[in-house]
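All ligand and atom numbering here is 1-based and tracks the order in the structure. Side chains are part of it too, since the values below use all heavy atoms of this structure and drop only hydrogens, waters and symmetry mates.
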Amino acid sequence: MRIDVITIFPGYLAPLREALLGRAIGAGLVDLAVHDLRSWTRDVHQAVDDSPYGGGPGMVMRPQVWGEALDAVLALDERPARIVVPTPAGRPFTQATAQAWTGEERLVFACGRYEGIDQRVVDDARRRDLPVDEVSIGDYVLVGGEVAVLVMVEAVVRLLPGVLGNPASAQQDSFSDGLLEGPAYTRPEVWRGLAVPEVLRSGNHAKIARWRRDRALERTAQRRPDLLAALPEDALDDADRAF
Ligand SMILES: CC(C)N1CCN(Cc2ccc(Cn3ccc4ccc(-c5n[nH]c(N)c5C#N)cc43)cc2)CC1
């Protein structure tokens with residue numbers, strides 16, 4: 001997978017070259033290119049924003065600069081690309097989104113700042129039949145799209161074959177079966193007077209699996225009843241329902 005990020009703050013994306021993601025890049029599983037939007041400005045001030053039509057607070061990012069930047073970055077590689085635009089007004093970015101994007105050969109992220117990017121940039125890409133997703137990582141307001149891109153790239157790349165040391169981790173993620181994961185423990189057996197639940201030390205794998213499922217159901221019911229309500233009919237077996 002090739003990933004391109006266009007931003008006025010390239011340094012914000014430096015963490016993508018660290019740790020797991022850095023190793024994925026080093027292993028050739030991911031190609032990452034970060035581009036400074038100001039490279040496509042033509043004025044001495046390298047202006048990327050302007051006042052909003054219709055008035056209102058803040059500034060809006062100029063379509064000309066973004067249009068030239070996206071055209072140039074898309075032309076760098078012949079692989080078909082999905083353009084991703086983080087925005088507070090976007091569709092929710094979920095684990096399902098991350099899973100779906102693992103099938104893409106290329107993702108091009110457009111990081112806005114100020115009050116966002118002139119809508120005609122997205123409209124122009126769509127009318128050229130380029131796939132464009134406007135997505136939000138959560139119901140809170142950030143200052144720009146860069147942090148959202150860090151989140152989304154990590155969520156996608158960790159699902160790519162060969163990236164995680166133990167692929168089972170991705171399969172047993174929270175959300176992958178629709179539930180939150182339950183509590184996890186490691187040594188010592190007792191810490192500050194708190195003992196690891198005995199069942200986890202029993203060696204009885206059936207009992208352990210049941211206990212873990214019950215804790216996941218309990219935690220999901222307490223913290224995310226919406227996830228429980230959204231489970232498909234056949235997601236819970238009789239033992240789950242008995243819980
Ligand atoms: C009603 C009320 C919830 N509204 C809210 C948004 N207000 C306008 C407004 C304010 C600030 C920004 C800053 N900004 C610029 C580009 C950009 C990209 C992503 C995000 C972003 N924020 N939160 C997320 N989950 C995001 C994602 N993904 C924020 C961005 C952009 C837009 C208007 C009021």
Side-chain angles (χ1 to χ4, degrees), residues 1 3-16 21 30 32-41 45-74 81-102 104 106-126 130-159 173-175 180 223-224 226-227 230:
M1 178 183 285
I3 295 174
D4 290 87
V5 186
I6 305 171
T7 170
I8 58 172
F9 294 118
Y12 239 101
L13 284 303
L16 291 181
L21 298 184
V30 175
L32 173 69
V34 179
H35 312 273
D36 186 339
L37 177 70
R38 294 193 196 275
S39 308
W40 287 277
T41 57
H45 302 295
Q46 296 193 306
V48 293
D49 63 304
D50 202 340
S51 307
Y53 273 112
M59 303 291 273
V60 175
M61 300 192 91
R62 302 172 60 217
Q64 308 95 318
V65 183
W66 270 107
E68 290 188 26
L70 278 170
D71 289 350
V73 168
L74 286 168
R82 175 169 296 276
I83 298 170
V84 178
V85 183
T87 167
R91 293 176 189 278
F93 173 79
T94 66
Q95 187 69 15
T97 316
Q99 189 63 55
W101 288 357
T102 59
E104 298 290 342
R106 189 180 180 200
L107 296 172
V108 175
F109 290 90
C111 294
R113 281 269 157 167
Y114 307 97
E115 296 291 308
I117 301 171
D118 186 300
Q119 186 61 40
R120 289 170 292 180
V121 174
V122 165
D123 296 346
D124 173 60
R126 286 190 173 133
L130 293 169
V132 184
D133 286 345
E134 294 174 274
V135 291
S136 169
I137 62 167
D139 292 338
Y140 37 79
V141 183
L142 302 171
V143 180
E146 287 80 6
V147 166
V149 170
L150 291 175
V151 167
M152 293 189 278
V153 167
E154 180 162 313
V156 174
V157 171
R158 69 183 289 277
L159 295 175
D173 272 343
S174 274
F175 310 110
L180 301 182
R223 300 179 182 178
R224 291 295 303 275
D226 57 303
L227 293 179

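The protein non-hydrogen atom at the shortest distance from atom 22 (N) of ligand 1 is Leu142 N, 2.9 Å. When hydrogens are left out, the protein atom nearest atom 18 (C) of ligand 1 is Pro86 O, 3.2 Å; that is the closest non-hydrogen contact. Looking from atom 23 (N) of ligand 1 to the surrounding protein, the closest heavy atom is Tyr140 O, 2.5 Å. Here the protein heavy atom with the shortest distance to atom 12 (C) of ligand 1 is Tyr114 O, 3.4 Å. For atom 25 (N) of ligand 1, the nearest non-hydrogen atom of the protein is Gly138 O, 2.8 Å.
In this pair, Phe93 and Trp101 present their aromatic rings tilted. The plane angle is within the 30 to 60° band.
In terms of polar-atom proximity, defined here as any N/O pair under 3.5 Å, Glu115 makes no such contact with ligand 1. Between Ser136 and ligand 1, at least one N/O pair is under 3.5 Å apart.
Closest approach of Leu37 and Val48 over heavy atoms only: CD2-CG1, 3.9 Å.
Salt-bridge annotation for Arg120 and Asp118: present, with a side-chain N of the basic residue lying under 4.0 Å from a carboxylate O of the acidic one. Checked for salt-bridge contact, Glu68 and Arg62 miss the test: no charged N lies under 4.0 Å from a carboxylate O. Using a 4.0 Å cut-off between charged side-chain N and carboxylate O, Asp4 and Arg106 make a salt bridge.
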Let's go through Glu146 and Thr7 carefully: what are the C-alpha distance in whole Å and the side-chain angles of both, what is the deciding distance for side-chain hydrogen bond (donor to acceptor under 3.5 Å, both in side chains) to 0.1 Å, and is it a yes or a no?
CA-CA 7 Å; Glu146 287 80 6; Thr7 170; 2.6 Å; yes
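Other residues, nucleotides and ligands place no more than 12 heavy atoms under 6.0 Å from the CG atom of Asp139. Few gaps surround OH on Tyr114; more than 12 heavy atoms of other groups in view lie less than 6.0 Å from it.
In this structure, CD in Gln119 is found 8.0 Å from OG1 in Thr87, a value given to the nearest 0.5 Å.
For Val135, the closest heavy-atom approach to ligand 1 falls below 4.0 Å.
When the heavy-atom distances from atom 20 (C) of ligand 1 to Pro92, Ala148, Pro88 are ranked, the shortest goes to Pro88. One option in Val141, Ile137, Val151 has a heavy atom closer to atom 5 (C) of ligand 1 than any other, and that option is Val141.
Proximity of atom 1 (C) of ligand 1 to the protein is not indicated, since no non-hydrogen protein atom lies closer than 4.0 angstrom. There is a protein heavy atom less than 4.0 angstrom from atom 32 (C) of ligand 1.
The ligand atoms of ligand 1 that sit less than 4.0 angstrom from a heavy atom of Gly112 are 15 (C), 16 (C).
Counting heavy atoms closer than 4.0 Å to ligand 1, residue Val143 contributes backbone atoms (N, CA, C, O) but none from C-beta onward.
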